[in-house]
Amino acid sequence: KKDYVKYHEIGLKDIATNGYTLKSKNIKKGDREKVEKFKLKKNDILLPLRGSANIIGIIGKVQDFLIPNSGIIVIRLKNTDDAYWLYIYL
């Protein structure tokens, strides 16, 4: 039997004006194994996949499972201290 968990699906509309993204109102249920594989982590940078939206997000403190939707590209740096500086640069 599969283990299911609730997660927040993050889209462009969920990126706060200051860029920090913590939650979404779009809550779904999914297989724990897949959610663990795709979950966002602190200091992940979020970019729009398409369009000219000048929206860039960064994940703040993670309290719940956050999963990007199909319209989001995730940049995850090995050195998370550099993520904030890259976010500012972008």
Flag side-chain contact, heavy atom, 4.5 Å: Asp3 against Asp31: no
Reported CZ-to-NZ distance for the pair Arg32 and Lys39, which is rounded to 0.5 angstrom: 9.0 Å
Steps toward side-chain contact (heavy atoms from CB on, under 4.5 Å) verdict (Asp44, Ile75): CA-CA 6 Å; Asp44 282 351; Ile75 298 174; over 6 Å; no
Check the hydrophobic clustering (I, L, V, M, F, W, Y; side-chain heavy atoms under 4.5 Å; chains of links allowed) and say if Val74 and Ile67 are grouped together. no
Heavy atoms, side chains only, cut-off 4.5 Å: are Ile59 and Leu66 in contact? yes
Can you name the closest pair of heavy atoms from Ile72 and Ile10 and give their distance? CG1-O, 3.8 Å
Closest heavy-atom pair and its distance - Val35, Tyr7: CG2-CD2, 3.7 Å
When rounded to the nearest 0.5 Å, the distance separating OH of Tyr89 from CD1 of Ile45 is 12.5 Å
In this structure, CG of Asn43 is separated from CD1 of Ile58 (nearest 0.5 Å) by 5.0 Å
Common cluster, Leu46/Val62, ILVMFWY with side-chain heavy-atom separation under 4.5 Å: yes
When rounded to the nearest 0.5 Å, the distance separating CG of Leu12 from CD1 of Ile56 is 11.0 Å
Determine whether the side chains of Asn69 and Glu9 contain a donor N or O and an acceptor N or O closer than 3.5 Å. no
Separation between NZ (Lys2) and CD (Glu33), nearest 0.5 Å, reads 8.0 Å
Say you draw a straight line from CZ of Arg76 to NZ of Lys41; how long is it, rounded to the nearest 0.5 Å? 4.5 Å
